[in-house]
2 protein chains.
Amino acid sequence: MNRNVSITPPVDAQQNPAVVTDMREMNGAEGLVRTLVANGVDVCFANPGTSEMHFVAALDKVPEMRCVLGLFEGVVTGAADGYGRMTGKPAATLLHLGPGLANGLANLHNARRAQSPILNIVGDHATYHREFDSPLTSDIEMTARPFSHWVRTSPEAGGIAEDAVEAIAAARSAPGHISTLILPADTAWTMGGQVIAGRPQAETPLVSEEAMADTAARLGRGTKTGLLVAGRALQADALELAGRIAAATGAAVMSSNLVARQERGAGRFSPEIIPYAVDAAVRFLADFRQIIVVGAPGAPVAFFAYPGLPSRLAPRDCEIATLATPGQDIMDALQRLAERVGATAGGHLEPLDIPSPATGALTAASIGQSLGAFMPEGAIVVDEAVSSGAPLFPATRTSRPHDWMKNMGGSIGFGLPAAAGAAIACPDRKVICLEADGSAMYTQQALWTYAREELDILVVIFNNRKYEILRGELAKVQAGVPGINATNMLEIGRPDINWTLLARGQGVEAVRVEDMKAFNHQYSAAIRRKGPFLIEVMI
Amino acid sequence: MNRNVSITPPVDAQQNPAVVTDMREMNGAEGLVRTLVANGVDVCFANPGTSEMHFVAALDKVPEMRCVLGLFEGVVTGAADGYGRMTGKPAATLLHLGPGLANGLANLHNARRAQSPILNIVGDHATYHREFDSPLTSDIEMTARPFSHWVRTSPEAGGIAEDAVEAIAAARSAPGHISTLILPADTAWTMGGQVIAGRPQAETPLVSEEAMADTAARLGRGTKTGLLVAGRALQADALELAGRIAAATGAAVMSSNLVARQERGAGRFSPEIIPYAVDAAVRFLADFRQIIVVGAPGAPVAFFAYPGLPSRLAPRDCEIATLATPGQDIMDALQRLAERVGATAGGHLEPLDIPSPATGALTAASIGQSLGAFMPEGAIVVDEAVSSGAPLFPATRTSRPHDWMKNMGGSIGFGLPAAAGAAIACPDRKVICLEADGSAMYTQQALWTYAREELDILVVIFNNRKYEILRGELAKVQAGVPGINATNMLEIGRPDINWTLLARGQGVEAVRVEDMKAFNHQYSAAIRRKGPFLIEVMI
């Protein structure tokens with residue numbers, strides 16, 4: 001099976017320590033791992049099986065690749081999402097055939113909506129084995145396609161490095177994409193692997209002068225104007241520019257209630273939030289006559305449809321214009337726009353205004369206040385608190401500067417895995433994961449990875465023993481008052497889940513708290529220590 | 001949105017209590033639920049979200065539908081697999097949009113390979129909302145297709161009942177298929193729902209006289225012949241016929257090491273097992289000159305490809321012939337064949353031969369012996385013990401009669417959910433779930449459903465703190481001796497998972513045992529009581 005292939009010329013070994021500069025032979029799997037590392041993909045979240053064993057074996061030869069085991073594939077893909085959001089570059093995932101990929105799809109959906117870069121490596125049967133339709137055979141490309149921007153099967157050891165380089169380039173193209181590279185077992189084990197390094201990354205396209213002029217003209221019209229920021233435009237430098245433009249032109253800077261990663265807190269500019277509830281969002285947008293989109297995929301839309309309520313949130317006579325798409329250079333666009341409209345004065349940056357810790361009974365609002373009180377500088381907050389989450393974001397607006405990420409795709413089970421990825425991306429920053437009990441159940445195997453990797457993550461579980469969000473949704477879709485059977489589908493008590501036991505069972509220290517005094521005590525102590533810890537809040 | 005639709009004529013309300021006989025209007029969701037019940041689909045495993053709220057609300061009006069909540073979609077689809085295997089009829093699943101379906105795909109893969117009937121109901125956004133591409137939007141049909149035999153989106157309330165009847169017919173067509181019916185929110189909430197009942201089920205096609213004559217001729221050749229039985233041919237009545245045919249003709253009855261549902265133990269005929277390991281399977285089949293397939297999809301094949309080993313297990317000169325495909329009437333075929341070859345004498349039926357409980361250290365072999373000792377009559381064994389599983393099946397061959405099911409698709413995480421479905425299908429039978437720790441982690445949320453529904457399931461977790469199967473596979477694919485990095489991917493200790501805590505955290509009583517004395521004590525006591533219980537075996 002050995003093919004005569006041209007070996008890539010040696011590159012500077014110091015620049016790319018993973019590149020082998022001798023001409024010895026290696027198999028496809030080793031060539032793949034070395035090519036990944038040589039192109040900056042040096043973290044792999046993995047849940048391997050038999051067909052990935054040569055990839056696993058290659059890890060011993062390429063210690064530059066950090067391979068992190070997850071005990072369920074949703075942990076793997078969700079971690080890659082969190083990692084991608086914090087670093088702007090793809091991690092690899094390693095998944096076992098079609099069903100292994102399938103288990104990871106929900107968090108790939110969330111990552112796709114967050115515009116996170118991810119490179120999936122999906123093992124497949126040996127190419128010659130597929131026709132026998134053995135039990136684990138399924139159509140992997142078809143499975144990957146609805147959740148990937150780029151999909152390819154690499155049928156030969158000599159071609160896998162080239163395919164990997166293209167997959168990485170696709171994943172890294174702005175703003176961030178999902179690539180899925182399918183690796184048949186014989187591609188992995190056959191000799192003839194290569195290493196490819198040093199391909200330049202594609203330039204991110206600039207916004208045209210015409211779009212810039214159109215935006216500037218719109219901002220000069222004197223009508224009520226919104227600047228809808230998302231994606232890269234939610235980082236501190238971009239927000240500061242947006243705030244300046246707003247101050248100079250009278251436009252309002254606004255953002256979706258879902259943010260992939262927002263830099264916020266003291267010293268940062270805060271956009272206004274378009275509410276989640278459709279009626280509130282419609283009221284919020286009612287007076288706007290134009291919305292200029294900066295880094296968002298389009299105009300604000302309702303998360304779900306409800307009988308009698310619109311899907312489009314802005315008024316019919318509100319024009320939607322685009323300054324920059326997610327795939328364009330957003331910082332460049334904001335800089336040029338600020339210059340063009342003479343936005344030299346600063347917008348409003350948040351002061352440092354730290355509240356006292358809250359006292360009394362446990363409520364989401366009180367917890368929000370204490371989060372604000374204890375927020376460590378540089379913390380990364382992963383927020384999947386769902387129905388308990390509404391007060392948490394506003395309560396931390398003026399706390400010490402931090403990052404905040406939410407579930408962008410609405411498939412719950414994002415938070416615990418994403419926190420793992422963020423912690424691996426930023427080992428010197430505290431990660432705080434705010435999780436609803438219902439959401440946490442989907443991917444709670446992430447806790448085991450926290451313990452295995454000793455990740456510095458503090459989890460707050462809001463244990464309300466209900467799919468509380470669905471009680472509200474049932475009313476909003478006008479489905480009436482739930483009876484016994486419907487209520488059974490909305491409550492997740494009977495039995496009550498004990499998160500303290502679930503965490504300890506996976507090696508993570510945990511405590512349960514029933515009032516704010518205990519919460520403040522446990523939370524502030526956990527903030528000061530390193531390593532994984534879980535606080536179960538009985539609200 | 002109300003359409004003027006013709007209402008199905010009333011049917012006998014006593015035969016179909018769920019069918020409304022007045023002509024009052026109902027919405028699409030209520031029409032769907034009533035149509036399901038009227039056509040024998042009266043169990044629904046559910047993990048609903050906003051888009052399924054009208055289906056949930058309809059449950060209050062149709063108490064004949066038993067709706068069982070799972071806290072992760074892999075639990076839902078795996079339970080439907082177990083239910084389908086035991087009843088031969090589909091349960092419904094209720095899943096939330098594309099990502100909810102995606103989370104259920106791995107166990108749909110396993111169910112598809114088991115030829116289990118399942119009807120998935122997947123909620124979608126309102127039809128008019130899709131174009132807005134809101135966060136939870138994805139291509140549901142594309143996602144369903146690789147794992148479904150039948151897929152349709154039902155765009156109108158007036159048509160959902162007809163689509164449901166077709167979906168059920170597709171799922172029920174022999175041997176059992178996966179149907180996925182996509183229910184947009186406005187189809188569910190719009191008035192104009194109907195109820196359709198009483199459609200006759202399609203006849204299962206009979207085996208032709210030509211195939212029968214060919215098989216009889218082959219059996220008379222005097223060459224070494226195997227009768228490969230699978231699917232419906234593994235039930236006791238069919239096995240008894242196969243055993244008689246073997247006794248009359250000298251053929252050997254054999255089965256894959258994977259069985260969707262085999263009736264076995266005392267009084268049943270036992271086929272020989274083709275080993276999992278390729279080299280052993282090749283030796284086992286080396287002398288056969290023809291294999292006649294009865295209910296299997298085809299010739300025996302290797303589960304995985306390995307360097308230097310064949311994918312096809314039978315010798316090149318061994319002919320493969322088919323008596324009955326999985327979609328044909330297998331009992332009829334075996335009866336006619338038995339008559340044709342004069343197979344009136346009985347084959348070997350297993351005696352009742354109950355071993356003593358094993359003593360000493362905990363090993364898989366010892367546990368197998370004690371399983372045989374304590375097997376309750378009519379038990380349903382769900383076996384996903386993987387690397388610990390090999391001794392369990394042979395050790396129970398002559399115990400009290402029981403059913404045994406294995407993971408047919410190889411995507412681990414099948415066992416705990418399937419046990420839930422089997423327990424709901426057969427509430428008067430003890431369900432024994434034999435689970436490897438690595439496999440159990442994927443879908444351990446099933447334990448919560450055990451507690452919620454008070455299911456009579458006894459779980460034995462084989463806690464070896466490794467993906468032990470992968471250590472063997474790494475060697476078999478000739479990937480060398482694992483170093484530190486590779487070993488990290490194969491061991492799931494550090495931290496050790498505590499299954500006793502994981503079970504208790506979800507409301508299931510649990511104990512840990514470290515020797516056979518404790519195992520026998522706990523296991524025999526748990527066999528005698530009703531309700532969920534988990535024994536963690538430290539091997």
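Within every chain, numbering begins at 1; the chains are lettered A, B, ... in the order of the sequence lines, protein sequences first and strands thereafter.
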Criterion side-chain contact (heavy atoms from CB on, under 4.5 Å) on B:Asn47 and A:Tyr442, from CA distance to verdict = CA-CA 11 Å; B:Asn47 186 260; A:Tyr442 286 73; 2.6 Å; yes
Option in [options] with maximal non-hydrogen atom pairs under 4.5 Å from chain B:
| options | answer |
| --- | --- |
| A:Gly507, A:Pro135, A:Gly505 | A:Pro135 |
| A:Pro63, A:Ser138, A:Ala126 | A:Ser138 |
| A:Glu131, A:Arg66, A:Met142 | A:Met142 |
| A:Pro146, A:Ala299, A:Gly298 | A:Pro146 |

Measuring from [X]:[atom1] to [Y]:[atom2], what's the distance to the nearest 0.5 Å?
| X | Y | atom1 | atom2 | result |
| --- | --- | --- | --- | --- |
| A:Leu136 | B:Ser411 | CG | OG | 6.5 Å |
| A:Leu447 | B:Ile497 | CG | CD1 | 11.0 Å |
| B:Leu69 | A:Asn488 | CG | CG | 8.0 Å |

Is it the backbone or the side chain of [X] that comes under 4.5 Å from a heavy atom of chain B, or both, or neither?
| X | answer |
| --- | --- |
| A:Arg112 | side chain |
| A:Val68 | backbone |
| A:Leu108 | neither |
| A:Leu97 | side chain |
| A:Asn27 | neither |
| A:Ala29 | neither |
| A:Thr137 | both |
| A:Phe55 | neither |
| A:Ala185 | neither |

Heavy-atom pair of closest approach, residues [X] and [Y]:
| X | Y | answer |
| --- | --- | --- |
| A:Phe72 | B:Phe72 | CZ-CZ, 3.4 Å |
| A:Ala486 | B:Asp60 | N-OD1, 3.0 Å |
| B:Ala305 | A:Tyr128 | CB-OH, 3.6 Å |
| A:Met489 | B:Ala46 | SD-CB, 3.9 Å |
| A:Glu473 | B:Met53 | C-CG, 4.4 Å |
| B:Leu71 | A:Ile492 | CD2-CG2, 3.7 Å |

Is there a side-chain contact between [X] and [Y] (heavy atoms, below 4.5 Å)?
| X | Y | result |
| --- | --- | --- |
| B:Trp189 | A:Gln478 | no |
| A:Asp139 | B:Phe147 | no |
| B:Val301 | A:Ser134 | yes |
| A:Asp496 | B:Trp448 | no |
| A:Val477 | B:His54 | yes |
| A:Pro297 | B:Asp133 | no |
| B:Leu502 | A:Leu501 | no |
| A:Leu470 | B:Thr50 | yes |

Any chance the side chains of A:Gln444 and B:Gln445 put a donor and an acceptor closer than 3.5 Å?
->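 No, because no side-chain N or O of A:Gln444 sits under 3.5 Å from a partner of the opposite role on B:Gln445.
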Looking only at side chains, do A:His129 and B:Ser311 share a donor and an acceptor under 3.5 Å apart?
->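 Distance-only check passes for A:His129 and B:Ser311.
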Where on B:Leu101 is there a heavy atom nearer than 4.5 Å to chain A: the side chain, the backbone, both, or neither?
-> neither
B:Ala503 versus chain A, heavy atoms under 4.5 Å apart: side chain, backbone, both or neither?
-> neither
Under the ring-ring contact (aromatic ring centres under 6.0 Å, His included) rule, collect the residues that match up with A:Phe303, sequence neighbours excluded.
-> A:Tyr276
Would you please classify the geometry between the A:His96 ring and the B:Phe304 ring as parallel, tilted or perpendicular, with 30° and 60° separating the classes?
-> tilted
If you count heavy-atom pairs within less than 4.5 Å of chain A, which of [options] leads?
| options | result |
| --- | --- |
| B:Ala451, B:Gly409, B:Pro48, B:Gly480 | B:Gly409 |
| B:Gly104, B:Ser256, B:Gly438, B:Ala106 | B:Ala106 |
| B:Met65, B:His109, B:Glu52 | B:His109 |
| B:Val56, B:Val481, B:Ile484, B:Ile469 | B:Val56 |
| B:Ala57, B:Pro300, B:Gly472, B:Gly410 | B:Gly410 |

Side chain of A:Arg504, backbone of B:Asn498: donor and acceptor closer than 3.5 Å?
-> no
Judged by atom type as modelled, is there a donor-acceptor pair below 3.5 Å linking the side chain of A:Arg452 to the main-chain atoms of B:Arg494?
-> yes
Sorted by chain and residue number, the side chain to side chain contact (heavy atoms under 4.5 Å, CB included) partners of A:Ala260 (sequence neighbours excluded) come out as A:Arg85, A:Ala114, A:Met408
